[in-house]
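Notes to accompany the following structure.
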Amino acid sequence: MSGVLRTVNRIVLGLIGLLLVLGGGSLLAVGLGVKPPSWWVYDSKDDVLLSAADRHRWQDEGWWWPTVIAVLGVVVLLALWWLVAQLRRRRLGEVLVDTGDGEGALLRGRALESVLVSGAEGLDGVERAGVLLTGRRSTPQARMGLTLASHAAPGAALQRLSDEALKQARDSAGLASLPAEVRLRAVKHRAERVS
């Protein structure tokens, strides 16, 4: 998703920038007295953006206001989607592994996430695990969600996670540190009948 979002960002910002440069540059040129082409919207520096006739042309048409409101609504929704996408934490695509030769190698972020998930799910008392890598590729951070079995002690599960799964992932990727934010949940189960 981050690659798609990056592409959309570049396209949207490029189009907005191009429109602003062309529109502003043409208005500035006409305002400074440059004679525009015959097909251009403005004829002279005394011309207005919207004449009174242009402002009132579509006002009496029944479709005008619903169309304007619908277009503005779509623009607002797209702008909100873009803003939410910018504020979301992005998944780390790759991690820089120190190979000792000064060059380094790139490890896919999903591969390291998979290692962390399998290591966490292999621990006693952990039913399910989910991992999201964030941060920079040289200093990744893990956001983990663990679903614990009903018999598991949260403190012991966290200690085993730190001592085993996180340490193994950190050592295998050659990372100096791998900070993790862990959220714990308990497996939902039905109440047992006591006789």
- Message: Could you report the tightest heavy-atom contact between Thr147 and Ala186, atom names first, then the distance?
- Response: CG2-C, 4.2 Å

- Counting only N and O atoms by type, is there a donor-acceptor contact under 3.5 Å from the side chain of Ser162 to the main-chain atoms of Leu158? no

- Message: How close do Ser138 and Leu175 get, counting heavy atoms only, and between which atoms?
- Response: O-CD2, 4.4 Å

- Note on the structure: Correct closest heavy-atom pair for Leu133 and Gly109 would be CD1-O, 3.5 Å

- Pairs flagged by salt bridge (charged side-chain N to carboxylate O under 4.0 Å, His left out) wherever residues 113-133 is involved - sequence neighbours left out: Arg91-Glu113

- Heavy-atom side-chain proximity of Pro140 to Thr134 below 4.5 angstrom: no

- Query: For Leu112 and Ala169, which heavy atoms make the closest approach, and how far apart are they?
  - Reply: CD1-CB, 3.9 Å

- Message: Could you report the tightest heavy-atom contact between Gly119 and Ala165, atom names first, then the distance?
- Response: C-CB, 3.8 Å

- Item | Option passing side chain to side chain contact (heavy atoms under 4.5 Å, CB included) with Met144 (candidates Val182, Val117, Leu132) | Val182

- Please answer: with hydrophobic residues joined when any side-chain heavy atoms are less than 4.5 Å apart, are Ile16 and Val8 in the same cluster? yes

- Task: Would you mind reporting whether Arg160 and Val126 have side-chain heavy atoms less than 4.5 Å apart?
- Result: no

- Flag the pair Val95 / Leu106 as yes when at least one side-chain heavy-atom distance between them is below 4.5 Å, and no otherwise. no

- Item | pair Leu166-Leu116: side-chain heavy atoms closer than 4.5 Å | yes

- Task: Examine Leu96 and Leu107 and state if one hydrophobic cluster contains both, with Ile, Leu, Val, Met, Phe, Trp and Tyr joined whenever side-chain heavy atoms are less than 4.5 Å apart.
- Result: no

- Task: Output yes when a side-chain donor or acceptor of Thr67 lies under 3.5 Å from a complementary backbone atom of Trp63, and no otherwise.
- Result: yes

- Euclidean distance, Glu164 CD relative to Gln159 CD, rounded to 0.5 Å: 9.5 Å

- Note on the structure: Note: Pro154 and Leu184 closest approach over all heavy atoms is CB-CD1, 3.8 Å

- Task: State yes or no: do Leu161 and Val115 share one hydrophobic cluster built from I, L, V, M, F, W and Y residues joined by side-chain heavy-atom distances below 4.5 Å, directly or via other members?
- Result: no

- Are Val34 and Leu22 in one and the same hydrophobic cluster, where Ile, Leu, Val, Met, Phe, Trp and Tyr link if side-chain heavy atoms are under 4.5 Å apart? no

- Item | Flag side-chain contact, heavy atom, 4.5 Å: Arg143 against Val131 | no

